[in-house]
Number of protein chains: 2
Amino acid sequence: MKIQTYDISRTASAATLIFDAIREAIIKGDLTQGEPLRQEDIARAFNVSRIPVREALLKLEQHGLITSQRYKGAVVAGLSLAEASEIFEFRALLEPEVIRRAVPHMSPQILEEAAQCCEAFARADDPMQWGDLNRRFHTTLYAASGLPYHLEVLNKAMDRIDPYLRAQLLLSDGMQRANREHHLIVDACKSGQADMAADLTRQHILGAQESLSRYWQK
Amino acid sequence: MKIQTYDISRTASAATLIFDAIREAIIKGDLTQGEPLRQEDIARAFNVSRIPVREALLKLEQHGLITSQRYKGAVVAGLSLAEASEIFEFRALLEPEVIRRAVPHMSPQILEEAAQCCEAFARADDPMQWGDLNRRFHTTLYAASGLPYHLEVLNKAMDRIDPYLRAQLLLSDGMQRANREHHLIVDACKSGQADMAADLTRQHILGAQESLSRYWQK
DNA sequence: GACTCCCTTATTGGATACAATATACGCTTT
DNA sequence: AAAGCGTATATTGTATCCAATAAGGGAGTC
């Protein structure tokens, strides 16, 4: 008998599960800036002691998603527009290079998957999905870059600004433009134009940053 | 009576102290790749329970300095040349931009401090100091960039490759070249040539990467 | 009434104790 | 002797308890 069995408890500790759950909640905007995170409350909610909760909170702090003070507790970290803006610039520096390096190694499967993400993104009607699909689209394209460290750092950066990304897609022309630009990027990748893809990616990011800044001003 | 007293326990938890200590040990090469880190041993060494040790280990893992497996423990993370090389490329992407942005805001004090680092670096006879001074030199110059996120990420990156950086300085012409290039960078900063400083920084990093790769080949 | 001091309470940091899991060794079987 | 199995031991993950600290409220003083 050969059944593929997988034991979740082998890979995930309680701390990890809690971390993931809270991370999701913050990223998706269910927990907002300043929301206090009491160890005991969370422990009760997950039916565990405070120990794994503390580990989860530590990881969240390392990721910059919460800030905590000794003997005072943790709160969901806020990100000023300026801080978010800097992270957009950070992305604008990294992602073009990443995609440039990825293009030569993109298999037809990857391109297909990216295109599907793109389609799904265009058709999705639930704003909650937009953020996810948008992100999956980009990570799919970047996966072939062979730059794991860049991707790791990039993921953390994306986590931090995720609420802003979602907000940006909700702006009047946010989805429309993202969609258009995604298609252009995929096309560039398909035709092997690495530099073009890099350029488009850069514009894509800086455009998002700018539209976000403009909106916040008003 | 007004003495500036600072109570370590107010700002630093045991976990933080342990983290710093182990981080230093790894960075300076006292703990090398694969070295197992037993919670209980460390706890005994610091005269604390395993709880703060676990926190420290978690942070170290987040920084990529150790890798740990459930129920198996943590070991000092190794970094293949390829991985280190990728991080050098990462730096080559970020640091030029950071210094370019910093140049316009460099006060005479900062320039003075950087120059002093440079001098000290040139004169230091203890190879152990080289790494520290080299790093202080760069961080001093970057501080004025107004890009805190970039710097945070950069610091983590530097932590990971620190042993390689030290190794690189120990190569035959490592110090000599680093020294020469540092001076060029400071000069460019002093004369406000941001793009020049960026270019020099990029070459400085890629040069180090290349010489390291060449050496490892042999 | 405002201020200070002290105490109570809520909350986090750390220590000890227990549970879950992996590894190593010896035993059995062939 | 080699392979497979089970137990012993070491090590990590988690729960429970205690200690340290911060925040708030009330009594007393001016």
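Residue numbers start from 1 in every chain, and the chains themselves are labelled A, B, ... in the order their sequence lines are given, proteins ahead of strands. These values consider heavy atoms only, across backbone and side chains, with no hydrogens, waters or symmetry-generated copies. Source: prediction; values computed, not measured.
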Would you jot down, in residue-number order, the residues of residues 33-42 of chain A having a non-hydrogen atom under 4.0 Å from DNA chain D?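 Those residues whose heavy atoms fall under 4.0 Å from DNA chain D, taken from residues 33-42 of chain A, amount to none.
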Euclidean distance, atom [atom1] of residue [X] to atom [atom2] of [N] [Å, nearest integer]:
X       : N      : atom1 : atom2 : answer
B:Glu55 : D:dG13 : CD    : C1'   : 14 Å
A:Phe46 : D:dG13 : CZ    : P     : 19 Å
A:Ile18 : D:dG13 : CD1   : C1'   : 12 Å
B:Arg70 : C:dA22 : CZ    : C1'   : 12 Å

Sub-3.5 Å donor-acceptor pair from the side chain of B:Gln39 to the main-chain atoms of B:Val53, do we have one?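 No; zero donor-acceptor contacts below 3.5 Å.
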Under a 3.5 Å distance rule, please check whether A:Gln209 uses its side chain to pair with a backbone N or O of A:Ser85 as donor and acceptor.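 Present.
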Using 30° and 60° as the class boundaries, would you call the ring planes of [X] and [Y] parallel, tilted or perpendicular?
X        : Y        : answer
A:His63  : A:Phe19  : tilted
A:His138 : A:His182 : perpendicular
A:Phe90  : B:Tyr149 : perpendicular

For this output row, return yes or no: ring centroids of A:Trp130 and A:Phe137 closer than 6.0 angstrom.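 Between A:Trp130 and A:Phe137, the centre distance exceeds or equals 6.0 Å.
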For B:Arg50, is there an ion pair with B:Glu55 - N to carboxylate O distance below 4.0 angstrom? no
[X] and [Y]: side chain donor to acceptor below 3.5 Å:
X        : Y        : answer
B:Glu95  : B:Tyr142 : yes
B:Ser213 : B:Glu210 : no
A:Ser211 : A:Gln168 : yes

Helical bend (five base pairs per end, nearest 10°) for the helix from C:dG1-D:dC30 to C:dT30-D:dA1: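 For the helix from C:dG1-D:dC30 to C:dT30-D:dA1, the axes at opposite ends meet at about 10°.
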Reckon A:Lys72 has a side-chain N or O less than 4.0 Å from the OP1 or OP2 of C:dT11?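 A:Lys72 to C:dT11 OP1/OP2: no side-chain N or O under 4.0 Å.
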Going by the salt bridge (Lys or Arg N to Asp or Glu O under 4.0 Å) test, name the single residue among A:Arg135, A:Lys28, A:Lys156 that passes it with A:Asp162. A:Arg135
Write down the protein N/O and nucleotide N/O pairs, taken from nucleotides 15-19 of chain C, whose separation is under 3.5 Å; answer none if there are no such pairs.
{"from": "C:dA15", "atom 1": "OP2", "to": "B:Ser49", "atom 2": "N", "distance (Å)": "2.8"}
{"from": "C:dA15", "atom 1": "OP2", "to": "B:Ser49", "atom 2": "OG", "distance (Å)": "2.9"}

